[in-house]
Amino acid sequence: MATAELTNPADALEAFRKDAADWLAANFPKSLVGKENVLATVEGGSDPDPEAVGWKRAMGEKGWGTPTWPKEYGGGGLSFAEARVLQEEMGKIGAWNPIGGMGVMMLGPTLLEFASEEQKQRHIPPICRGEIRWCQGYSEPGAGSDLASLQTKCEDKGDHWLVNGQKTWTSGGQWADWCFALVRTDTSKKHEGISFILLDMKSPGVEVKPIRMISGTSPFCETFFTDVKVPKENLVGDLGNGWTIGKRLLQHERTNLSGGGSLGRGQGPSLSDIAKHYVGTDAEGRIADADLRMRIVRHEMEAQAFKATARRVMLESKSGNISLGSSILKNVGARITQERAELTLEIMGMNGLGWSGDGFNPAELGATRGWLWGKAVSIYGGTTEIQNNVIAKRILGMLDHQ
Amino acid sequence: MAVLNEEQSMLRDMARDWANEQSPVTAFRKVRDAGEAIGFDPKAFAAQAEMGWTGVIIPEAYGGSDFGYLSLGLVLEETGRTLTASPLGTTALAATSALLLAGSEAQKQAWLPKIASGDIIAALAVDEGPRHDPSKIATKAEKSGDGWTLSGTKKFVAEGDGAHLFVVAAQTGSGIGLFLVPADAKGVSRAPRNMVDARSHAEVRFDAVRLDSDALIGPEDGAALLDQVLDRARAGVAAEMLGLAVQAFDDTLAYLKTREQFGEILSRFQALQHRMAHQFTQIELMRSVVEGALEAVDANRDDIAAKVSLAKATACDTLHLVSREMIQLHGGIGMTDEHHAGFYIKRARVLENAWGNAAFHRERFARLAGY
Ligand SMILES: Cc1cc2nc3c(=O)[nH]c(=O)nc-3n(C[C@H](O)[C@H](O)[C@H](O)COP(=O)(O)OP(=O)(O)OC[C@H]3O[C@@H](n4cnc5c(N)ncnc54)[C@H](O)[C@@H]3O)c2cc1C
Ligand SMILES: Cc1cc2nc3c(=O)[nH]c(=O)nc-3n(C[C@H](O)[C@H](O)[C@H](O)COP(=O)(O)OP(=O)(O)OC[C@H]3O[C@@H](n4cnc5c(N)ncnc54)[C@H](O)[C@@H]3O)c2cc1C
């Protein structure tokens with residue numbers, strides 16, 4: 001194998017392509033085409049479909065759900081080029097990645113960078129196999145945009161930590177096995193008083209209360225910690241280094257969850273197709289509503305510019321440069337997601353405003369709920385305003401007026 | 001704010017007090033949670049009728065007060081602020097306008113007093129698809145004997161679940177005619193549609209409904225009449241939208257003045273100050289054109305259509321903006337069902353669609369102006 005790579009990298013990649021295609025053909029059940037549920041990795045109970053369970057197990061064991069993570073911790077150990085080939089081959093047959101959630105998108109990469117060898121051995125393999133669901137214990141009622149003002153107390157009790165306090169907006173808290181949390185280990189310093197811990201949600205003293213969202217579902221919770229004992233070994237990094245680690249994790253969240261990730265995937269019919277269906281066309285085949293048509297065009301062009309930027313950022317960061325483009329992905333991604341939802345609603349008219357029951361097809365009801373849910377994209381993971389502050393201050397060097 | 005006469009000021013203050021005390025947003029929440037198809041609290045509507053609001057544009061001879069459209073718009077704005085669930089705008093403004101504009105003396109005698117007293121609810125049944133389009137009416141009224149036979153299906157009829165009387169637009173053979181159809185007439189059936197704003201929008205079917213000759217309001221080719229009726233309905237909706245925008249804005253402003261992050265109240269951040277200044281600006285513009293449309297109707301000016309399209313397009317854009325900002329500037333709390341920001345954005349989108357969205361009215365404005 002090594003010799004093949006040395007003689008001709010392109011050949012090795014083609015060989016990998018064939019291996020990947022063969023393995024996918026043998027392991028991905030055709031019946032699962034189109035059945036991807038992105039949110040299932042964060043929300044909801046366990047998957048009842050045995051074929052989906054089998055597919056998840058196969059990908060988990062192979063490590064290809066986390067293709068570029070090191071093999072020693074259960075990852076696929078693939079190069080970025082190989083991972084891209086894998087993705088292409090999956091795309092060809094409609095295969096999707098069943099391994100996901102906050103463990104994959106946020107915690108894993110952070111642990112790889114900051115955790116001890118023991119912590120990596122213990123926590124990363126179950127993430128690669130999709131066995132453990134993680135939730136994020138950052139926000140508190142009084143600490144949202146100003147995350148560093150968090151108050152959840154974590155005291156050193158000699159042989160364990162004792163955690164007391166309240167988190168909120170904890171996505172998937174009611175289904176999570178574990179929580180990565182920012183806690184206060186020192187009340188005398190704001191940022192340096194924060195530490196990063198891993199907390200078993202089954203520990204005594206953990207209580208979750210689901211919160212209903214405007215879209216009708218309850219995907220997040222208030223999370224209460226009352227005298228929760230946490231083993232000493234669950235502190236990640238040094239005491240008081242949680243802010244650095246926590247911010248690093250937020251970077252993964254912003255690029256993965258909020259920006260590029262969600263838009264790269266196939267997303268069903270185009271806005272133009274939907275508009276032609278609901279609004280009709282003129283004699284030349286153009287969307288009959290001229291005003292709407294131009295706004296769809298503007299949206300489509302922005303989406304293409306966004307994708308081009310996401311691709312450029314990826315290439316630049318792989319060539320070792322820090323890409324300024326990455327700072328804008330979260331906000332642009334959020335805007336595009338929300339604009340698409342608003343346009344879809346406008347196109348569907350009253351059919352896009354159904355809540356339940358007769359008179360609306362599933363795509364229409366999905367559009368309504370998705371529109372409402374999507375209002376969160378510019379809030380979670382750091383609001384659009386906070387992200388703009390970061391751009392203005394950190395990148396552009398503009399100081400506060402106040 | 002338009003320059004109001006004494007009656008109008010009193011009416012507005014009365015409406016504001018009533019909405020705040022008797023019909024706060026928590027009252028709408030109760031209606032939403034009850035999940036009834038009629039989508040309003042009959043007691044609240046009865047109270048509105050009791051105060052004479054169902055008769056504001058109806059002449060005194062038929063039991064109203066004849067205060068005019070701007071006056072009724074003020075009431076709809078104030079009750080819209082707290083999302084009052086009531087058929088007031090639909091019955092006492094939209095449907096009533098058809099009778100006022102073209103009803104025969106007998107038709108007025110028969111229906112206006114009942115509308116003014118709130119004994120019956122009348123609704124406009126025009127659209128047959130999910131997007132407003134009065135040029136796409138397929139419902140047919142065929143002459144039979146000395147009357148008519150009406151057949152067709154109307155979609156998303158506002159207050160269709162609770163209405164006693166429909167004003168139905170139908171093809172007569174010589175154009176579009178408007179017909180008065182009692183909801184209990186043989187062949188009328190309705191199916192509720194559960195919408196995001198939890199208000200009534202029924203699908204109403206007319207299956208060979210027999211009507212007497214006096215069911216027709218105005219001429220057999222009444223497309224121009226329909227347009228006039230719709231313009232009044234649009235102006236009424238725009239007034240409700242103004243109320244929503246003002247209150248969504250006020251609540252957001254109040255929140256920014258209390259919520260603290262980074263050791264400051266949020267309203268001290270200039271990024272947010274400018275966002276609020278911009279919304280305030282747009283709402284001021286919205287108020288001028290919404291009141292302007294209502295005044296044009298009251299004065300029966302010849303530019304009502306353009307004024308109304310200007311008002312509705314502006315109202316749609318502004319409320320769209322303000323309802324989005326309400327959620328965004330509240331952060332996580334604005335995403336919860338427990339907070340009322342979601343109620344505003346949901347009702348906003350329904351009203352944006354009602355009788356033509358912004359694009360519809362920009363197109364119409366362009367046509368009227370010959371662009
Ligand atoms: C669906 C959803 C899922 C979430 N999931 C999680 C999760 O799993 N775990 C977790 O820990 N958190 C989660 N969050 C919380 C999220 O990170 C916070 O809501 C977010 O950081 C904003 O905080 P806040 O809600 O307290 O709003 P606030 O910070 O109170 O902000 C209110 C408004 O003020 C603006 N603002 C604040 N400060 C400034 C400033 N300095 N300059 C300009 N504007 C400013 C904000 O941008 C916002 O518009 C989730 C939120 C949502 C909506
Ligand atoms: C055509 C013209 C006619 C004028 N006529 C008169 C006149 O008759 N009499 C008179 O006295 N003056 C007059 N002025 C001057 C005018 O009042 C100033 O130009 C204006 O107040 C801005 O000041 P500045 O030019 O020093 O710009 P700066 O104050 O330096 O502002 C530069 C930029 O920064 C922005 N900015 C500044 N402070 C803030 C802040 N706190 N928050 C956000 N943004 C900020 C500004 O909006 C601007 O975009 C005139 C100017 C022009 C262009």
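Reminder, nothing fancy here: chain letters follow the sequence lines and each chain counts from 1.
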Heavy-atom pairs under 4.5 Å with chain B - which of [options] has more of them than the others?
{"options": "A/Phe220, A/Trp355, A/Tyr278", "answer": "A/Trp355"}
{"options": "A/Asp289, A/Thr383, A/Ile211", "answer": "A/Asp289"}
{"options": "A/Gly357, A/Gly144, A/Ala290", "answer": "A/Gly144"}
{"options": "A/Gly142, A/Gly216, A/Ser149", "answer": "A/Gly142"}

Considering only heavy atoms, which portion of [X] lies under 4.5 Å from any heavy atom of chain B: side chain, backbone, both, or neither?
{"X": "A/Ala148", "value": "neither"}
{"X": "A/Leu365", "value": "neither"}
{"X": "A/Thr384", "value": "both"}

Could you tell me whether the side chain of [Y] reaches within less than 4.5 Å of the side chain of [X], counting heavy atoms only?
{"X": "A/Ile214", "Y": "B/Lys346", "answer": "yes"}
{"X": "B/Glu203", "Y": "A/Asp358", "answer": "no"}
{"X": "B/Asn353", "Y": "A/Leu345", "answer": "no"}

Side chain from CB out, backbone as N, CA, C, O: work out which of these in [X] comes under 4.5 Å of a heavy atom of chain A, or both, or neither.
{"X": "B/His320", "value": "side chain"}
{"X": "B/Phe262", "value": "both"}
{"X": "B/Leu272", "value": "side chain"}

Of all of B/Asp133, B/Ile345, B/Asn357, which one pairs up most often with chain A through heavy atoms under 4.5 Å apart?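 Answer, by heavy-atom pair count under 4.5 Å with chain A: B/Ile345.
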From the list B/Asp127, B/Asp197, B/Val196, B/Asn194, the residue making the most non-hydrogen contacts under 4.5 Å with chain A is B/Asn194
Spacing of [atom1] belonging to [X] relative to [atom2] belonging to [Y], to within rounding of 0.5 Å:
{"X": "B/Phe269", "Y": "A/Ile386", "atom1": "CZ", "atom2": "CD1", "value": "7.5 Å"}
{"X": "A/Leu292", "Y": "B/Glu363", "atom1": "CG", "atom2": "CD", "value": "11.5 Å"}
{"X": "A/Asp291", "Y": "B/Phe360", "atom1": "CG", "atom2": "CZ", "value": "12.5 Å"}
{"X": "B/Arg349", "Y": "A/Thr368", "atom1": "CZ", "atom2": "OG1", "value": "12.0 Å"}

Can you name the nearest heavy-atom pair linking B/Ala359 to A/Arg295, along with the distance? CB-NH2, 3.6 Å
Sort by residue number and list every member of residues 346-354 of chain A having a non-hydrogen atom under 4.5 Å from chain B.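 Within residues 346-354 of chain A, near chain B: A/Glu346, A/Ile347, A/Met348, A/Gly349, A/Met350, A/Asn351, A/Leu353, A/Gly354.
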Using non-hydrogen atoms and a limit below 4.5 Å, what part of residues 324-336 of chain B faces chain A?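 Those residues of residues 324-336 of chain B which have a heavy atom under 4.5 Å from chain A are B/Arg324, B/Ile327, B/Gln328, B/Leu329, B/Gly331, B/Gly332, B/Ile333, B/Gly334, B/Met335, B/Thr336.
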Heavy atoms from other residues, nucleotides or ligands near CZ of B/Arg205 exceed 12 (cutoff 6.0 Å):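 No, CZ of B/Arg205 has 12 or fewer neighbouring heavy atoms, counting only those of other groups under 6.0 Å.
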